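Keep in mind the model is a prediction, meaning the values are calculated, not measured.
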Amino acid sequence: MNSDLAEIQTAALAAIESAPDGQSLEQAKIDFLGKKGRLTAASGLMKTLPKEEKPAFGQSLNLVRGAITAALEEKGAALQEVADREAIAGIDVTLPGREIHSGGLHPLTRIKDDAIQILRRMGFALAEGPEIEDEFHCFDALNTPADHPARNEKDTFYFDSGKLLRTHTSSVQVRTMENQSPPVRIIAPGSAYRRDEIDATHLSVFNQLEGLYVAENVSLADLKGTLVYFFQELFGPDTELQFRPHFFPFTEPSFEIDIKLHIAGRAPKWIEVAGCGIVDPAVFSAISKSRGDEAFSPDKVTGFAFGMGLDRLAMIKWGIKDIRLLIENDTRFLKQFA
Ligand code: PHE
């Protein structure tokens with residue numbers, strides 16, 4: 001082998017071997033294999049050689065390049081290993097990992113999401129309204145006379161301004177009809193407030209889901225079909241329902257819906273889950289007056305409405321005995337739904 005080349009190889013291997021870190025190794029690579037490196041310069045000699053010596057020189061050149069490249073790779077890997085070991089020095093990789101706690105949805109959120117999903121499949125769109133309401137939207141437009149007990153100070157939270165915390169989500173019926181034209185098919189989940197004594201089945205803030213369908217020729221059969229389907233989707237196809245005649249100022253006829261609850265070891269019990277009925281023409285008259293047009297004229301449209309308590313539905317679905325558990329945020333309770 002050409003003695004120059006042999007000398008370059010020896011020098012290169014020595015520089016590589018003694019490189020203390022990645023940076024010096026990179027420098028060694030530049031010094032020997034780089035554009036202006038020693039081996040590159042030596043390969044320029046090829047031009048000056050007689051033809052018959054060229055192949056042997058070329059071969060030597062390749063051998064030297066190969067040897068230097070291999071040494072660079074080997075040293076690089078060795079330096080990396082040291083660096084890796086230093087990076088985790090003092091870390092005990094045998095320690096158990098940290099547990100990742102995953103959260104879950106609150107039962108009220110779950111029942112609300114389920115209810116919305118079922119009703120959206122039937123074409124109901126989401127609507128909303130304010131929780132601080134006025135008497136017109138909460139009562140007057142809903143055909144509820146001034147002396148109705150629900151309007152009593154004892155039952156309703158009033159502000160000094162005369163506004164109030166809505167006692168039901170039915171106010172959203174009014175707000176929707178003021179702003180949309182028939183056909184209207186909406187649901188409105190949201191909070192409602194009553195001055196109830198707090199106990200195992202009552203809170204002063206609770207959650208309702210309102211529904212309203214207004215179009216031409218909406219009938220009681222439509223109401224019944226919709227709600228039977230809804231509750232059987234929510235609680236299972238064997239769920240039994242009964243529509244019990246009732247009174248609400250804003251629907252006529254009106255019903256309360258009970259579902260039959262089966263608890264092991266006890267006689268089945270009917271339990272009330274919703275109020276509903278055919279929208280009272282007096283409501284359409286109030287809306288027409290408020291809008292100043294005939295879009296909701298009681299001569300043209302009919303409709304049905306319903307309202308249900310989401311807290312109660314969650315309690316039925318999961319056998320929760322005390323409504324207060326739904327607001328206490330005790331993780332021992334909530335964990336069961338995660
Ligand atoms: N707003 C009624 C309540 O809170 C429920 C209801 C809604 C009844 C719609 C009929 C129609 O009890």
Side-chain angles (χ1 to χ4, degrees), residues 1-123 125-126 128 189 233 317-318 329-338:
M1 186 192 280
N2 180 299
S3 63
D4 278 354
L5 289 184
E7 198 270 322
I8 290 174
Q9 176 166 340
T10 312
L13 296 187
I16 290 166
E17 183 50 41
S18 65
D21 52 33
Q23 210 182 339
S24 328
L25 192 66
E26 189 57 30
Q27 191 56 51
K29 184 176 176 184
I30 294 166
D31 289 346
F32 291 94
L33 301 184
K35 253 193 226 152
K36 296 181 183 152
R38 289 182 61 189
L39 192 66
T40 319
S43 64
L45 287 175
M46 180 85 101
K47 293 199 289 281
T48 68
L49 293 176
K51 211 175 172 189
E52 55 287 6
E53 287 180 28
K54 281 188 181 176
F57 184 79
Q59 222 173 4
S60 303
L61 210 52
N62 282 341
L63 284 172
V64 173
R65 183 182 298 280
I68 296 175
T69 307
L72 280 168
E73 260 169 37
E74 198 183 319
K75 183 70 180 182
L79 286 173
Q80 186 60 52
E81 205 184 303
V82 173
D84 287 349
R85 222 178 296 127
E86 273 169 12
I88 59 160
I91 295 176
D92 181 353
V93 293
T94 67
L95 277 176
R98 278 193 199 111
E99 209 182 326
I100 297 171
H101 294 279
S102 58
L105 292 177
H106 191 280
L108 265 175
T109 308
R110 284 178 55 180
I111 202 89
K112 185 173 82 181
D113 288 353
D114 287 353
I116 290 173
Q117 204 186 36
I118 297 165
L119 289 157
R120 285 186 64 143
R121 281 210 301 273
M122 287 190 272
L126 281 167
E128 58 181 8
E233 282 292 295
K317 178 138 188 166
W318 289 292
N329 284 336
D330 185 331
T331 51
R332 290 169 301 180
F333 168 72
L334 294 175
K335 254 188 206 157
Q336 301 171 63
F337 303 90

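With respect to the salt-bridge test (charged N to carboxylate O, under 4.0 angstrom), the residues Glu7 and Arg38 qualify.
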CA sep, side-chain torsions, deciding dist, call: Lys29, Leu25, side chain to side chain contact (heavy atoms under 4.5 Å, CB included) = CA-CA 6 Å; Lys29 184 176 176 184; Leu25 192 66; over 6 Å; no
Are Leu79 and Lys75 close enough, and set up right, to give a side chain to side chain contact (heavy atoms under 4.5 Å, CB included), and what steps lead you there?
-> CA-CA 6 Å; Leu79 286 173; Lys75 183 70 180 182; 4.2 Å; yes
Leu5/Leu63 under side chain to side chain contact (heavy atoms under 4.5 Å, CB included): CA gap, chis, key distance, verdict = CA-CA 10 Å; Leu5 289 184; Leu63 284 172; over 6 Å; no
Step by step, work out the side chain to side chain contact (heavy atoms under 4.5 Å, CB included) result for Asp114 and Lys317.
-> CA-CA 11 Å; Asp114 287 353; Lys317 178 138 188 166; 4.0 Å; yes
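Residue Met122 holds its CE atom at 7.0 Å from CD1 of Ile118, rounded to the nearest 0.5 Å. Here the CD1 atom belonging to Ile116 is positioned 11.5 Å from the CD1 atom belonging to Ile111, to the nearest 0.5 angstrom. Atom CG of residue Leu13 and atom CD1 of residue Ile8 lie 11.5 Å apart, to the nearest 0.5 angstrom. A distance of 13.0 Å separates CD in Gln9 from CG in Asp4, rounded to the nearest 0.5 Å.
Environment of NZ in Lys335: sparse, with no more than 12 heavy atoms of neighbouring residues, nucleotides or ligands closer than 6.0 Å. Within a 6.0 Å sphere centred on CD of Glu52, heavy atoms belonging to other residues, nucleotides or ligands number more than 12. No more than 12 heavy atoms of other residues, nucleotides or ligands shown are found within 6.0 angstrom of CD on Glu128. Under a cut-off of 6.0 angstrom, the local environment of CD in Glu53 is crowded, with over 12 non-hydrogen atoms contributed by other residues, nucleotides or ligands. Counting non-hydrogen atoms of other residues, nucleotides and ligands closer than 6.0 Å to CZ of Arg120 gives a total of 12 or fewer.
Considering every non-hydrogen atom in both Ala6 and Thr10, the closest pair reads O-OG1, 2.9 Å. Closest heavy-atom contact between Glu233 and Arg121: OE1-NH2, 2.6 Å.
A heavy-atom distance below 4.5 Å is found between the side chains of Phe337 and Arg110. In this structure, Asp31 and Gln27 have side chains that are in contact, with non-hydrogen atoms separated by less than 4.5 Å. Phe32 has its side chain out of reach of Ile16: every pair of non-hydrogen atoms, C-beta onward, lies at least 4.5 Å apart.
For the residue pair Asp84 / Gln80, a side-chain donor-acceptor distance below 3.5 Å is found, with atom types taken as modelled.
Proximity of a side-chain donor or acceptor of Thr40 to a complementary backbone N or O of Lys36 within less than 3.5 Å is not detected. No side-chain donor-acceptor contact under 3.5 Å links Thr109 to the backbone of Leu105.
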